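Data first, discussion second: the structure below is written as structure tokens.
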Amino acid sequence: MLPASAAGAAVTTAAAVSWRSSPVEKWSPPLSTEALADVLQKVRQWQPFDCGALLDDVAVVLDDVLPPEDLLDESAQRLRGHLMQLIDIAVAAEADEDEEASRLIERARAVRSEDMPGDHRHAVGHLRRMAWTVNELLERLVATQCLREAA
């Protein structure tokens, strides 16, 4: 009879020998070089969801004081970004199965794709529609538990 340590070593050696002798497929990456570069680019462009910034941007646009004309384009870009993040969150969480959330997602897509009017007063109106849509979609995602309560 073999001592316990020798028996364990014999089993380990047998397992190592059988592992080495079994054919192993050569590893290949799951994505092509181009696809990996695309994923890397998307990761670098990713911005984490920041509810505080979203609420600040909505507040600036919905404030009683009209935003200055030189900030309209920047505000529009920020609100479009918030809309896209909320739409992505809603779709990923399957919130579009909720009738109200689905309606808000469609409205968010529509208002996001509209061009900014050239007239300052109309541009502010467009920004306010976007801000209300951001706010309502955020509230619906919180109500459907796709997001935690907004700050």
Side-chain angles (χ1 to χ4, degrees), residues 11-13 15-151:
V11 171
T12 305
T13 306
V17 169
S18 71
W19 176 78
R20 284 187 218 147
S21 62
S22 65
V24 177
E25 289 183 35
K26 182 180 177 185
W27 180 84
S28 61
L31 297 173
S32 68
T33 305
E34 295 82 23
L36 284 172
D38 187 44
V39 169
L40 179 61
Q41 178 186 7
K42 288 178 181 180
V43 167
R44 286 180 176 161
Q45 291 174 346
W46 176 75
Q47 295 292 321
F49 178 70
D50 184 355
C51 191
L54 178 146
L55 293 173
D56 288 345
D57 291 338
V58 167
V60 165
V61 173
L62 295 179
D63 193 4
D64 290 337
V65 178
L66 293 178
E69 196 165 345
D70 60 330
L71 293 180
L72 294 182
D73 287 333
E74 180 183 341
S75 294
Q77 284 302 102
R78 292 175 64 87
L79 288 173
R80 283 187 184 104
H82 295 312
L83 283 172
M84 279 313 303
Q85 279 191 320
L86 291 175
I87 290 169
D88 289 344
I89 290 168
V91 170
E94 298 178 353
D96 52 349
E97 293 175 5
D98 176 69
E99 187 176 320
E100 179 67 14
S102 180
R103 184 184 66 77
L104 288 169
I105 290 168
E106 289 308 312
R107 189 166 91 192
R109 287 179 173 148
V111 75
R112 183 185 179 278
S113 65
E114 292 175 12
D115 290 332
M116 225 10 202
D119 177 55
H120 182 258
R121 193 172 54 109
H122 289 113
V124 170
H126 175 69
L127 281 177
R128 288 187 171 175
R129 280 191 304 279
M130 283 199 326
W132 276 113
T133 304
V134 166
N135 188 58
E136 289 176 2
L137 185 54
L138 174 66
E139 287 179 357
R140 190 63 194 167
L141 292 177
V142 169
T144 57
Q145 298 180 348
C146 295
L147 286 172
R148 289 190 222 153
E149 188 171 344

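Basis for what follows: all heavy atoms, side chains included, without hydrogens, waters or symmetry-related copies. What you see is a predicted model, and the numbers here were worked out from it, not measured in a lab.
Between M116 and A123, the shortest heavy-atom contact is CE-CB, 3.9 Å. Nearest heavy-atom pair across P30 and W27 is CD-CZ2, 4.1 Å. Scanning both residues, I105 and A90, for their nearest heavy atoms gives CD1-CB, 3.5 Å. The heavy-atom pair separating L83 from A108 by the smallest distance is CD2-CB, 3.7 Å. Minimum interatomic distance between C146 and A95 (heavy atoms only, all atoms of both residues): SG-CB, 3.5 Å. The nearest pair of heavy atoms linking V134 to V58 is CG1-CG2, 3.7 Å.
No side-chain heavy atom of T133 sits under 4.5 Å from any side-chain heavy atom of L86. No side-chain heavy atom of V111 sits less than 4.5 Å from a side-chain heavy atom of W132. Residues L55 and L138 form a side-chain contact, since some pair of their non-hydrogen atoms from C-beta on lies under 4.5 Å apart.
The distance from the SG atom of C51 to the CZ atom of R148 is 11.0 Å, given to the nearest 0.5 Å. Distance check: T144 OG1 to E139 CD gives 11.5 Å after rounding to the nearest 0.5 Å. Distance CD/E100 to CG/L137: 10.0 Å, rounded to 0.5 Å.
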Could you go through L104 and L141, starting from their C-alpha distance and side-chain angles, then the distance that decides it, and tell me whether this counts as side chain to side chain contact (heavy atoms under 4.5 Å, CB included)? CA-CA 10 Å; L104 288 169; L141 292 177; over 6 Å; no
Under the criterion side-chain hydrogen bond (donor to acceptor under 3.5 Å, both in side chains), I'd like the reasoning laid out for Q77 against R80: C-alpha separation, chi angles, the key distance, then a yes or no. CA-CA 5 Å; Q77 284 302 102; R80 283 187 184 104; 3.1 Å; yes
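In this view, R129 satisfies the side-chain hydrogen bond (donor to acceptor under 3.5 Å, both in side chains) rule with no residue, not counting sequence neighbours. In this structure D38 satisfies the salt bridge (charged side-chain N to carboxylate O under 4.0 Å, His left out) test together with K42, sequence neighbours excluded. Residues satisfying the side-chain hydrogen bond (donor to acceptor under 3.5 Å, both in side chains) criterion with E114, sequence neighbours excluded, are H126. Under the rule for a side-chain hydrogen bond (donor to acceptor under 3.5 Å, both in side chains), the partners of D57 that lie at least two apart in sequence or sit in another chain are R78, H82. Applying the salt bridge (charged side-chain N to carboxylate O under 4.0 Å, His left out) test to E106 and every residue at least two apart in sequence or in another chain returns R109.
Environment of CG in D70: crowded, with over 12 heavy atoms of neighbouring residues, nucleotides or ligands closer than 6.0 Å.
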Quick one: side chains of residues 61-69, donor-acceptor pairs under 3.5 Å with protein atoms, not counting sequence neighbours, listed by atom name and distance.
none

